[in-house]
Amino acid sequence: MVDVDTNFDRIRRGVWVGPNAAKPYVEWNDLSRVLTDLLKWARSPESREKFDEVMYNSLKLLLTAANSDVKSKVEKLSKLTQRDVDTVTVTIIATANIIRLLRNSVVNLPRNQFLQVKTGLLDTILDSVYFYHDVGTKCHRVKHKIPYVLTYTPLCIEVIRAALQLTSNLCVGNHAVQGAVWARLYPTMFNTLLGSIDKQVKNFVCSILFHCTAWNGSSALEEIMNGEEGKEMMRSCIGLCQAPNSLEWAQLFVEGLICVERFINVYEICKNDNLVFTLLEVLSEKVKTSPSGDKKQLFGELESAVPVTTFLFLAKLLARNRQHIIDLATGSESPEGEVTVRILHILATVTGLFEHYTRITNNTPFLECVVKILNEINTKQPIKFDQPKGEVSPDGSFGIRRELIRVITNMSHKNKDHQDKVRLLGGVHTVLNHCVVDQQNPYLAQWSIVALRMLMEDNPENQDIIRGLQSQNIVNNDDMKKLGIEVTKMDGDKPRVAVVHPEPEN
């Protein structure tokens with residue numbers, strides 16, 4: 001039995017194809033078995049070091065020969081014998097394994113990446129993507145007349161997957177390769193592959209897009225932003241971020257656009273349909289999730305916080321559409337309001353990240369807007385202390401008051417000017433009114449109490465408001481009565497808690 005090192009040397013010397021070939025044609029069946037062993041062998045760093053320019057030239061010849069053999073057969077699909085059918089199957093499998101071997105050989109080895117580009121393998125790989133896409137399309141078109149070609153479609157997808165994954169690996173940190181790949185695949189083939197039925201194909205396309213655009217100064221980024229086909233491509237990628245079938249690299253691609261300060265451009269592209277919710281969800285996850293070590297390495301210099309300009313834009317958008325929030329919170333219909341509420345949720349989180357986003361936490365006009373919205377909501381529909389309990393089905397108004405108070409809490413933290421601004425706008429009393437349990441706003445009372453604490457801290461003027469409060473009428477709700485508790489007034493207008501016989505339940 002021939003060992004793996006010997007087979008590696010045989011391929012390198014061109015025993016199967018090239019000037020040293022023993023036969024005028026390739027025994028693809030034999031080669032396919034050899035390649036399967038080499039794939040495992042090439043996983044070790046020591047084995048990958050053995051690849052050189054001669055080996056890559058030999059693999060390029062093999063790949064070209066395989067494509068040529070398949071092409072000669074599929075040009076006359078209706079006339080293929082059973083032997084031809086089997087030969088094409090084995091040849092496509094061998095092609096996929098050649099590309100996988102090339103992929104394994106470049107892992108953590110920039111020298112090998114450079115050699116693959118130098119020998120022209122990149123062009124051959126991209127030729128294979130185009131070729132096997134055409135083969136798969138042709139087979140799909142004649143499947144009813146020639147049923148056996150259905151076996152070729154998944155095999156073609158295997159080749160395309162391997163080719164795209166290798167291309168993505170070659171693009172990492174190499175602007176020259178990125179430019180060459182972009183010139184070959186943008187925009188037609190990118191859009192075509194994003195429409196593939198195969199999730200992995202779409203994922204690898206998004207990986208290439210990420211590497212080509214996720215850095216400042218990328219010419220590909222400018223092209224994708226300004227062309228109609230590029231915008232359609234972005235819409236496709238955002239659609240691939242939708243749960244529950246979101247693709248990891250689609251998510252990373254959109255995050256990359258956000259990190260290079262292109263959120264506003266992307267928002268404008270998808271603001272008129274449901275894709276805007278997906279975009280905002282990606283942004284929300286980016287803000288809330290601490291990046292892993294792998295992600296930091298992947299993003300490099302971009303893995304700082306999301307640019308604050310993104311949130312300043314959202315704050316202006318919220319202020320412009322404030323009526324949407326007021327309408328939803330007071331029971332009126334507002335078809336566009338759900339987007340504005342989603343923006344409010346994001347800003348409620350961001351204003352709590354004091355170390356990263358001081359420009360938004362110190363944005364006094366935004367605070368004024370939020371306090372005025374809360375005041376108007378409470379004026380139009382005062383919150384009730386004694387609310388009937390029951391199951392709540394979250395609707396557009398769910399959590400609005402709580403999120404507004406979260407923003408006030410975060411922006412008043414150790415900020416005397418903001419504490420004073422809330423008082424001058426009448427916001428202290430409004431926050432006091434929200435120290436109640438409200439099923440439509442979970443944790444409303446808790447956030448209101450925290451907000452009061454932030455507003456009172458080192459602020460005598462705000463503290464005087466609390467000191468000047470006078471007790472009003474006492475309300476005993478049904479739950480208190482069932483527990484046998486009743487609150488009454490004593491002399492001096494002080495409340496007194498009394499234990500009474502609990503009311504029997506009907």
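Throughout, numbering of the chain's residues begins at 1 and tracks the sequence. None of these values were measured; they are calculated from a predicted model.
- Remark: side-chain polar atoms of Ser196 are not paired, donor with acceptor, to backbone N or O of Lys202 under 3.5 angstrom.
- A salt bridge does not link Glu248 with Lys199: none of the charged nitrogens is closer than 4.0 Å to a carboxylate oxygen.
- Looking at Ser47, its side chain never comes within 3.5 Å of a backbone N or O of Arg43 through a donor-acceptor pair.
- In this structure the side chain of Met233 reaches within 4.5 angstrom of the side chain of Leu209, judged on heavy atoms.
- A salt bridge links Glu158 with Arg100: at least one charged nitrogen is closer than 4.0 Å to a carboxylate oxygen.
- Judged by distance alone, the side chains of Gln419 and Asn459 do bring a donor and an acceptor atom under 3.5 Å apart.
- A salt bridge links Asp123 with Arg184: at least one charged nitrogen is closer than 4.0 Å to a carboxylate oxygen.
- Taking the centre of each ring, Tyr186 and Trp182 come in below the 6.0 Å mark.
- Paired with His418 under the rule side-chain hydrogen bond (donor to acceptor under 3.5 Å, both in side chains), one option of Asn363, Thr364, Asn410 passes, and it is Thr364.
- Annotation for His211 and Cys171: closest pair CB-CB, 4.0 Å, computed over non-hydrogen atoms.
- Asn415 has its side chain out of reach of Met411: every pair of non-hydrogen atoms, C-beta onward, lies at least 4.5 Å apart.
- Asp417 and Lys421 are not joined by a salt bridge, as no carboxylate oxygen comes within less than 4.0 angstrom of a charged side-chain nitrogen.
- At least one side-chain heavy atom of Leu221 sits under 4.5 Å from a side-chain heavy atom of Leu257.
- Of the possible polar contacts, one joining the Gln463 side chain to the Met456 backbone as a donor-acceptor pair under 3.5 Å is found.
- Look at Asp198 and Arg161 and you find a salt bridge, because one of the NZ, NE, NH1 or NH2 atoms lies within 4.0 Å of a carboxylate O, short of that distance.
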(Q) Using side chain to side chain contact (heavy atoms under 4.5 Å, CB included), reason through Glu336 and Asn321 one step at a time and then give a plain yes or no. (A) CA-CA 9 Å; Glu336 301 115 351; Asn321 298 320; over 6 Å; no
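- When only modelled atom types and interatomic distance are considered, Ser334 and Asp327 share no side-chain donor-acceptor pair under 3.5 Å.
- Within 6.0 Å of NZ on Lys316 lie no more than 12 heavy atoms contributed by other residues, nucleotides or ligands.
- Checked against ring-ring contact (aromatic ring centres under 6.0 Å, His included), His434 has no partners two or more places apart in sequence or in another chain.
- Annotation for Arg111: atom CZ counts as buried by contact number, over 12 foreign heavy atoms lying within 6.0 Å.
- The environment of Asn274 atom CG is sparse: at most 12 non-hydrogen atoms of other residues, nucleotides or ligands sit within 6.0 angstrom.
- A donor atom on one side chain and an acceptor atom on the other are found under 3.5 Å apart for Thr278 and Gln242.
- At least one side-chain heavy atom of Ile377 sits under 4.5 Å from a side-chain heavy atom of Ile325.
- Panel note: side chain Tyr267, backbone Leu279; no donor-acceptor pair is recorded below 3.5 Å.
- Within 6.0 Å of the NE2 atom in His140, the count of heavy atoms belonging to other residues, nucleotides or ligands does not exceed 12.
- More than 12 heavy atoms of other residues, nucleotides or ligands sit less than 6.0 Å from atom CG of Asn226.
- Of the possible donor and acceptor atoms, none in the side chain of Ser284 sits under 3.5 Å from a partner among the backbone N and O of Leu280.
- Counting heavy atoms from C-beta outward, Val287 and Phe311 have side chains that approach closer than 4.5 Å.
- Trp447 carries Arg406 over the face of its six-membered ring, with the cationic atom under 6.0 Å from the centre and within 45° of the normal.
- There is a side-chain donor-acceptor pair under 3.5 Å between Gln116 and Ser105.
- Among the candidates Val371, Thr361, Leu314, Leu347, the single residue satisfying the side chain to side chain contact (heavy atoms under 4.5 Å, CB included) test with Phe366 is Leu347.
- For the pair Asn441 (side chain) and Arg401 (backbone), a donor-acceptor distance under 3.5 Å is present.
- Considering only heavy atoms from C-beta on, Cys206 stays 4.5 Å or farther from Leu252 through its side chain.
- Within the 4.5 Å cutoff, the side chain of Leu425 has heavy atoms near those of the Lys372 side chain.
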